[in-house]
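Following: one structure in structure tokens, then a few remarks.
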Amino acid sequence: MTARLACRIALIPGDGIGREVIAEAVRVLTATGGVVLHELPWSADHYLQTGQTIPPDGYDVLRGFDAILVGALGDPRVPDNRHARDILLGTRFELDLFVNYRPVRLLDDRLCPLKGRTRADVDFVVFRENTEGMYVGIGGRFKPGTDDEVAVQEEINTYKGVHRIVRHAFDFARARGLRRVCMADKSNAMAHGHALWQRVFAAMRSDYPEIEATHLYIDALAMFLVQDPGRFQVIVTNNLFGDIVTDIGGALQGGLGMAASGNLHPGKTSMFEPVHGSAPPLAGKNIANPIGAILSAALMLETLGRPEDARRIEEAVESAVHDREVTRDIGGMLGTREAGQAIVARMK
Ligand code: NAD
Ligand code: IPM
Ligand code: MN
């Protein structure tokens with residue numbers, strides 16, 4: 001057997017429950033082996049102490065790692081969310097992590113909030129465009145704080161940006177043998193920007209004759225996700241809509257604490273994080289569910305070419321969920337740390 005090189009991972013635990021769930025992801029990664037972890041202090045605390053959200057060479061520092069694992073960023077003491085914009089959104093933009101990959105998979109029937117639905121009904125992935133749309137921060141406020149205030153927030157859709165995420169969704173479906181891709185937009189109301197999504201999707205679908213390519217307006221998608229999630233295999237949508245529908249996806253899996261994600265640029269340093277935020281009301285109480293963070297670490301290992309290690313983690317999580325060795329939000333009695341330990345104990 002040839003020795004494999006350890007993966008170098010940057011850790012950004014961040015704020016609130018981000019710190020607690022990342023500690024459990026670290027426990028699992030340490031049990032898996034083959035990783036060298038380097039913790040970065042970037043967070044609300046760090047910003048409030050130093051005045052710096054991310055150092056000037058911060059994105060270059062991140063590019064020097066094989067992958068990045070983030071907890072969550074967001075703190076009421078930073079009301080404009082400046083540090084989260086620089087650290088989280090900044091990394092998505094600067095490292096050009098154009099694919100936000102958010103799998104939605106129910107691990108146990110009892111966790112689904114929908115009446116009569118089972119694991120077979122909740123198993124799809126969302127590809128969220130991750131580098132443009134409403135998130136680019138173009139705009140401004142004129143006469144702020146007055147009754148004459150004008151606030152402009154531009155949505156940017158580029159041919160390159162739309163094309164590459166739609167292409168990625170179709171290629172993923174083909175590679176996995178999936179048969180259905182659904183693109184969701186709001187082209188009935190957003191007649192300029194989303195006409196571009198329509199054009200790209202219509203042109204590309206003929207490259208994938210074996211795949212049933214459908215379109216839904218985003219409002220109808222939200223409705224069908226609740227009414228009949230089993231119809232979906234691959235969903236592709238823009239940055240803001242993808243943000244919103246993946247919280248619905250979190251709920252379908254039993255709660256936000258279950259949902260994992262990867263911010264990817266195939267072949268380059270990518271960033272992994274649970275879908276949830278820093279949940280200030282839960283922070284510091286050892287009650288947050290660490291599974292979203294742990295499954296994000298598994299996604300990271302899979303992306304780094306270690307699918308066997310990813311499967312080991314996923315199987316241990318499924319087994320712990322099945323036996324209710326989990327936190328209270330999903331019907332267990334354990335704290336965050338104990339839930340992480342229970343998963344490690346089940347790793348074969
Ligand atoms: P949130 O995801 O932090 O929490 C919403 C609710 O979901 C919580 O109150 C809790 O009921 C539940 N929840 C979330 N994670 C959980 C977990 N691991 N275990 C159990 N329950 C969990 O969303 P929010 O309250 O809207 O945002 C709080 C802060 O986090 C804000 O500053 C926001 O900007 C930020 N945020 C950051 C990220 C990120 O870093 N990726 C993502 C979302 C929100
Ligand atoms: C997410 C989060 C972020 C987003 C926030 C913290 C800016 O909600 O990763 O889903 O909207 O992308
Ligand atoms: Mn979100």
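The analysis underlying the following values was restricted to heavy atoms, covering all of them including side chains, and did not include hydrogens, waters or symmetry mates. All residue numbers refer to positions in the sequence shown, counting from 1. Read the numbers this way: they start at 1 and go in the same order the structure lists the ligands and their atoms.
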N/O to N/O below 3.5 Å, does that happen between I17 and ligand 1? no
Measure the CD-CZ distance between Q198 and F201 for me, rounded to the nearest 0.5 Å. 8.5 Å
Best match, V21, V70, L73, I87: closest heavy atom to atom 37 (C) of ligand 1: L73
Nearest to atom 11 (O) of ligand 2, what protein heavy atom do you find, and at what distance? Y135 OH, 2.6 Å
Could you tell me whether E302 and R311 have a side-chain N and a carboxylate O separated by less than 4.0 Å? yes
Below 4.5 Å, heavy atoms only, C-beta onward: do N239 and R128 meet side chain to side chain? yes
Look at atom 22 (C) of ligand 1 and say which protein heavy atom is nearest, naming residue and atom and giving the distance to 0.1 Å. L282 CD2, 3.7 Å
Quick one: does S278 get a heavy atom under 4.0 Å from ligand 1? yes
Ring centres under 6.0 angstrom apart (F93, Y59): no
Steps toward salt bridge (charged side-chain N to carboxylate O under 4.0 Å, His left out) verdict (E318, R105): CA-CA 11 Å; E318 267 187 54; R105 199 159 77 89; 3.1 Å; yes
Atom 39 (C) of ligand 1 sits nearest the protein heavy atom L88 CD2, 3.7 Å
Which protein heavy atom lies closest to atom 7 (C) of ligand 2, and at what distance to 0.1 Å? L89 CD2, 4.1 Å
Check contact between I287 and ligand 1, using heavy atoms of the residue and a distance below 4.0 angstrom. no
Option whose closest heavy atom lies nearest to atom 9 (O) of ligand 2, chosen from E273, R85, R92: R92
For atom 6 (C) of ligand 2, grab the closest protein heavy atom and report residue, atom and distance to one decimal in Å. L88 CD2, 4.0 Å
Going by atom types alone, do S43 and D45 pair a side-chain donor with an acceptor below 3.5 Å? no
Closest approach of any protein heavy atom to atom 3 (O) of ligand 1, naming residue and atom: A279 N, 2.8 Å
Does the protein put a heavy atom under 4.0 Å from atom 11 (O) of ligand 1? no
Below 4.0 Å from ligand 1: does a non-hydrogen atom of P76 turn up there or not? no
Close approach, H276 and ligand 2, non-hydrogen under 4.0 angstrom: no
Which residue and non-hydrogen atom of the protein lie closest to atom 18 (N) of ligand 1, and at what distance in Å? N289 O, 3.0 Å
As an exercise, identify every atom of ligand 1 less than 4.0 angstrom from a heavy atom of G74. 32 (O)
The closest protein heavy-atom partner of atom 5 (C) of ligand 1 is L256 CD1, 4.1 Å
Counting the benzene-type ring for Trp, do Y217 and H215 have ring centres under 6.0 Å apart? yes
Under 4.0 Å between a Lys/Arg side-chain N and an Asp/Glu carboxylate O for D219 and K186? yes
Less than 4.0 Å from atom 1 (P) of ligand 1, is there any heavy atom belonging to the protein? yes
Charged tip of R180 within 45° of F232 ring normal and under 6.0 Å: no
Under a 4.0 Å N-O cut-off, is there an ion pair linking R174 with D171? no
In terms of its nearest heavy atom to atom 17 (C) of ligand 1, the top option of G254, G255, P79, G257 is G257
Show your reasoning for whether salt bridge (charged side-chain N to carboxylate O under 4.0 Å, His left out) applies to D207 and R167. CA-CA 10 Å; D207 294 345; R167 175 68 80 197; 3.2 Å; yes
May I ask you to list the atoms of ligand 1 that are less than 4.0 angstrom from any heavy atom of A72? 40 (O)
Counting only heavy atoms closer than 4.0 Å, does ligand 1 sit against the backbone of V275, its side chain, both, or neither? backbone
Got a salt bridge between R164 and D96, using NZ or NE/NH1/NH2 to carboxylate O under 4.0 Å? yes
Residue, atom name and distance, where the atom is the protein heavy atom closest to atom 36 (N) of ligand 1: G277 CA, 3.4 Å
Using 4.0 Å as the upper bound for N to carboxylate O, is an ion pair formed by R141 and E149? yes
Determine all donor-acceptor pairs shorter than 3.5 Å in which one atom belongs to a side chain in residues 271-282; sequence neighbours excluded.
| unit_1 | atom_1 | unit_2 | atom_2 | d |
| --- | --- | --- | --- | --- |
| E273 | OE2 | R92 | NH2 | 2.8 |
| E273 | OE2 | N263 | ND2 | 3.1 |
| S278 | OG | G74 | O | 2.7 |

Partners passing side-chain hydrogen bond (donor to acceptor under 3.5 Å, both in side chains) against T246 (at least two apart in sequence or in another chain): R102
Considering non-hydrogen atoms of the protein only, which is the closest contact for atom 34 (O) of ligand 1, and what is the distance? N81 ND2, 3.6 Å
Checking R346 against E325 for the salt bridge (charged side-chain N to carboxylate O under 4.0 Å, His left out) test, could you report, in this order, the C-alpha distance in whole Å, the side-chain angles of both residues, the deciding distance, and whether it holds? CA-CA 10 Å; R346 282 156 195 270; E325 298 258 303; 3.8 Å; yes
Would you say D243 has any N or O atom under 3.5 Å from an N or O of ligand 2, going by distance alone? yes
Return yes when R128 approaches ligand 2 closer than 4.0 angstrom through a heavy atom, no otherwise. yes
Identity and separation of the nearest protein heavy atom to atom 28 (C) of ligand 1: P280 CD, 3.7 Å
From atom 26 (O) of ligand 1, is the closest protein heavy-atom distance below 4.0 Å? no
Looking at R8, is its backbone amide N or carbonyl O close enough to the side chain of D66 to form a donor-acceptor pair, meaning the two atoms are under 3.5 Å apart? yes
Does E24 come within less than 4.0 Å of R19, counting only side-chain N to carboxylate O? no
Could you identify which residues cluster with M333, counting Ile, Leu, Val, Met, Phe, Trp and Tyr as linked when any side-chain heavy atoms lie under 4.5 Å apart, either directly or through a chain of such contacts? none
Which residue supplies the protein heavy atom nearest to atom 1 (C) of ligand 2, what is that atom called, and how far is it? R102 NH2, 3.4 Å
Aromatic ring pairing F98/H168, orientation class (parallel under 30°, perpendicular over 60°, tilted between): perpendicular
Distances under 2.8 Å only: what protein N/O/S atoms are near the Mn ion (ligand 3), ordered by chain and residue? D243 OD1
